[in-house]
Structure formats: C-alpha cells, structure tokens
Amino acid sequence: MLYYLFRYLHDHFHMPGTGVFQYTTFRAGLAVVISLLIAQIFGGRLIRLLQQKQVGESIRDLGLQGQNEKKGTPTMGGLIILLAILVPVLLLARLRNIYIILMLISTVWLGLIGFLDDYIKVFRKNKEGLSGRFKVLGQVGLGLTVGWVLFFSNEVTVRQYLLPNGALSEVDASKVYHDVHLMITTVPFMKNNELNYGDLFATAGTFFNGLYSIFYIPIVIFLITAVSNGANITDGLDGLAAGTSAIIGITLAIFAFVSGNALLADYLDVMFIPDSGELVIFCTAFVGACIGFLWYNSYPAQVFMGDTGSLALGGIIAVLALIVRKELLIPILCGVFLIENLSVILQVSYFKYTKRKYGEGRRILRMSPLHHHYQKLGYHESKIVSRFWIVGIMLAVITLVTLKLR
C-alpha cells in the first residue's frame, strides 16, 4: 500500500524522498525493521492475552529433561509470526505481483490450518487436534493451487535470450530477449543446469507434451506437504524451528534478489525470473518475523509457535523455493527439516518391522524426532538448538555455493 502511495506522490508531485520506495533494497530493509517492531510491540501483549485466556501447552510426559517446566507455557504464538510477515508485505510490496499474491495466499492458508489445529487442542481440549487427514488435505489443496498457478499462469515467466548463433538461452544475456512461460528449474552442481519439465515427456510423443502438469503439480504438492510437516516436527525445542527457518529465509532472499536482477543473474550465469525480485521484501519480512519471535521463543521459551506458526513456516519456504526455481535444492537447504522427518519415518518403520519379525518393537534412536534423541543422551536443550543452527548455516552456505560451483 505504501509502495503505491509513494509512487503516486513521486510521479505526480515529485515529492523529494518518495522515489526511494522504487528500490527493492530499501523496501526490503524497511520490511525487516517493521517486522521486528511488530513482533516486539505486539508479541508481549499477545503473550499476556494468551496467558489470560489460559492458552497453555499441555505436555505429554516423555521423560525428557526440563519437560515439566514447559507445562502451561502459552501456545499459538505463531500468530506473532503471521502478523509480522503479513503487515510489512501488505505495506511495502507490489500487491499486483503474482508471486507476492501466491505467498500471501500460502501464508494465510497454512496459518489457518495450523490455527484450527491449535484451537481444537487448546479450547476443545482434544490433544489430537485437527485430524491428520484434514491437515494433509489442506496442504494438498494449497499444493494444487500453487502448482496450478505456476504451471498455467502466463504471468509466471523466465527470460530467454537470443544468442548470436540463433540459439536460445536462459542465462547468457544479450540485447534480444523475450519473456516466456516455461516450467524450468535449476539442477544443482551441473554446468548446463536448467531442466525443462516438458523435456521429461518429449520422447513420449506430441500427445504428452501438454500433459506434464500431471508430473509437475504432484511434485509441488509433495514438496509443500513434506517441508511444512518437516518444520512442524522440528518445532520441538525452544527456538529450533524459528532459528532454522530464519537461516533458510536469508538464503532464499539472496536467491530471489539474484534471480530478479538481470545484471546479477547475467554475472552469476543464473536464470533471470522477471518480477521475482519483489519476493525479497517477503523474504526479509519472513526473516524479521522469525528473529522477532525468537526474542520470546529462545530458551526458556515464553511462548510456543504451535502449528499456527510451524506449518506456515515450512509451507512458505517450499513455495519460495518453487517460485525461484530452486526446488531441487530443498533437500540441502532444508536439510535439518529433512533429517527430522526421516528420523521419525525410520524410527516408526523399523519399530513396526521388528515387531512383526521378532514380536517386539526395536528402535534405531532413543527417541524421535532426532532432537529428542540428543536430549535422551543428556545434551542440554540450548546446546542441541545451537548445533542444529550451525548445521543449518553450513547447509545454507553449501546451497549458495551452487550459484557458481558446477
């Protein structure tokens, strides 16, 4: 909203200082500041309100150190994160941008699913919360929406350049170009690193050329569901999910800035995605919201984000990666979420297998997800979180290295 106001003042009245709102970098920096301020100003008030309403976390006795101290801590703190993301984006971003619209829809959509789950747990006193199938159905619905828009919308384009020999390229800039709707993604650690999803069906004949949405949209659904659930599972220690998400958000902000800037995309030899630079505002608001929430969520936590926050964080990360065509980097960038997911899957699968084979279930880890395994080994909660953050930073650096290492 402010973007359009100051642009109007600049274009029609030439008011000094209003032109600065045209720069993505200025609005991105302002988004961080506003996001942090919202988290600080409204965070404490929301926590007091949750305490008054007795919106406390009911703790299942798992025999973990310091577990009983968390009993009664307010939950649904993800509302702080959602507010700190949405307000700066609505104020500072170009709201007619297709990518910003997708991100707003994704944030609200998964935020509502998480809120409903927390509401049932807290106010209806149902520890199971929202039924798992309804939660997955909501994630699949968002995946269908995002996949459909990315696949069929003509506003979703990449820039193709006409080279001197008449060939087309997505990365070698020339003066002659056109923006086309192509479903291309980046393959990490490869020199010619653009993969066109349509090429996967090229050998199947012309009949299948227009049907590769059958392949692409399920990928979108799977990624959104997997990363969203991964963030949800990771949210088991104070500050773990919020800190890890902030690290991932910074990385995606760099990718969005590079992919949305023709000069940088040309210099780094990466795909230029018109209008994707606007996502930097969303990413910086996202990072500011996570850091602002950490003020209250760091050990010992004054509030838990609940599913309201964790489901939204994971979904936001997945959709951002899909938009900037870096979805194949998700296993590296979101490695912490991935290993947490896998630890649960392997633990449950091995337990069921050994129970069937030997008559009693056996475990690979002392407890899943993985962070609880380290708690059982006697590590303090703060040490586990710090080391997971360090691993997240290392994975983020490896992800950024793919810009040049091929």
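The first residue in the sequence is number 1, and the count goes up from there.
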Next item on the list: Indicate yes or no: does Glu278 engage Arg27 in a salt bridge with an N to O separation below 4.0 Å.
Entry: yes
Next item on the list: Using a 4.5 Å cut-off on heavy atoms from C-beta on, say whether the side chain of Lys376 contacts that of His372.
Entry: no
Note to self: Do Phe337 and Ile317 have side chains that approach each other closer than 4.5 Å (heavy atoms only, starting at C-beta)?
What the structure shows: yes
Check: What heavy-atom pair brings Ser228 and Leu311 nearest, and what distance separates the two atoms?
Finding: OG-O, 3.0 Å
Notebook entry, point to check: Is the closest basic N to carboxylate O distance between Asp307 and Lys135 below 4.0 Å?
Noted result: yes
Next item on the list: Go through the steps to decide whether Leu36 and Trp295 satisfy the test side-chain contact (heavy atoms from CB on, under 4.5 Å), and finish with yes or no.
Entry: CA-CA 10 Å; Leu36 287 169; Trp295 182 271; over 6 Å; no
Margin query: Could you report the tightest heavy-atom contact between Leu2 and Leu92, atom names first, then the distance?
Written below: CD1-CD2, 4.3 Å
Checklist line | Rounded distance (nearest 0.5 Å) linking atom CG of Asn297 with atom SG of Cys290 | finding: 10.0 Å
Check: When you measure from the side chain of Ser245 to the backbone N and O of Ala242, does any donor-acceptor pair fall under 3.5 Å?
Finding: no
Notebook entry, point to check: Between the main-chain N or O of Leu95 and the side-chain N or O of Tyr4, is there a donor-acceptor pair closer than 3.5 Å?
Noted result: yes
Check: Would you find a donor on one side and an acceptor on the other, under 3.5 Å apart, between the side chain of Asp238 and the backbone of Pro300?
Finding: no
Check: Are Asn229 and Gln139 close enough, and set up right, to give a side chain to side chain donor-acceptor pair (under 3.5 Å), and what steps lead you there?
Finding: CA-CA 9 Å; Asn229 287 330; Gln139 293 167 326; 3.1 Å; yes
Notebook entry, point to check: Can you name the closest pair of heavy atoms from Cys283 and Ala253 and give their distance?
Noted result: CB-CB, 3.5 Å
Notebook entry, point to check: So, does Thr308 use its side chain to make a donor-acceptor pair with the main chain of Gly78 at under 3.5 Å?
Noted result: no
Check: Does the side chain of Val287 come within less than 4.5 Å of Val32's, by heavy atoms?
Finding: no
Checklist line | Rounded distance (nearest 0.5 Å) linking atom CD1 of Ile113 with atom CG of Leu142 | finding: 7.0 Å
Notebook entry, point to check: Going through the checks in order, is the side-chain contact (heavy atoms from CB on, under 4.5 Å) test met by Arg94 and Asn97?
Noted result: CA-CA 6 Å; Arg94 289 192 288 117; Asn97 183 293; 3.9 Å; yes
Notebook entry, point to check: For Ser368, does its backbone N or O pair with a side-chain atom of His373 as donor and acceptor, under 3.5 Å?
Noted result: no
Margin query: In the structure I gave you, are the side-chain heavy atoms of Ser153 and Val149 within less than 4.5 Å of one another anywhere?
Written below: yes
Item checked: Check: Gln40 main-chain N/O paired with Tyr296 side-chain donor or acceptor under 3.5 Å -> yes
Notebook entry, point to check: Nearest 0.5 Å, what's the CG-OH distance between Leu104 and Tyr99?
Noted result: 15.0 Å
Check: Quick check: are there more than 12 heavy atoms from other residues, nucleotides or ligands sitting under 6.0 Å from CZ of Phe134?
Finding: no
Item checked: Parallel, tilted or perpendicular, as decided by the 30° and 60° cut-offs, for the rings of Phe282 and Phe286 -> parallel
Check: Any chance the side chains of Asp179 and Thr157 put a donor and an acceptor closer than 3.5 Å?
Finding: no
Note to self: Distance check, rounded to the nearest 0.5 Å: Glu327 atom CD versus Tyr216 atom OH?
What the structure shows: 5.5 Å
Item checked: Nearest atoms (heavy-atom pairs only) where Val156 meets Leu150 -> CG1-O, 3.8 Å
Next item on the list: Check for a donor-acceptor pair, side chain of Thr354 on one end and backbone N or O of Gly361 on the other, with a separation under 3.5 Å.
Entry: no
Notebook entry, point to check: Can you check whether Ile364's main-chain N or O pairs, donor with acceptor, with Gln347's side chain at less than 3.5 Å?
Noted result: yes
Notebook entry, point to check: Any side-chain heavy-atom pair from Thr145 and Trp109 closer than 4.5 angstrom?
Noted result: yes
Notebook entry, point to check: What distance do Ile281 atom CD1 and Leu91 atom CG have between them, rounded to the nearest 0.5 Å?
Noted result: 12.0 Å
Note to self: Leu328 and side-chain contact (heavy atoms from CB on, under 4.5 Å): which single residue from Ile219, Leu223, Val187, Thr186 fits?
What the structure shows: Val187
Note to self: For the CG atom of Leu338 and the OG1 atom of Thr234, what is their distance to the nearest 0.5 Å?
What the structure shows: 10.0 Å
Check: Checking Lys326 side chain against Val324 main chain: does a donor-acceptor pair fall under 3.5 Å?
Finding: yes
Margin query: Using the ring centroid of each side chain, check whether His380 and Tyr299 are separated by less than 6.0 Å.
Written below: yes
Next item on the list: Say whether, by atom type as modelled, one donor and one acceptor occur between the side chain of Thr244 and the main chain of Ala241 under 3.5 angstrom.
Entry: no
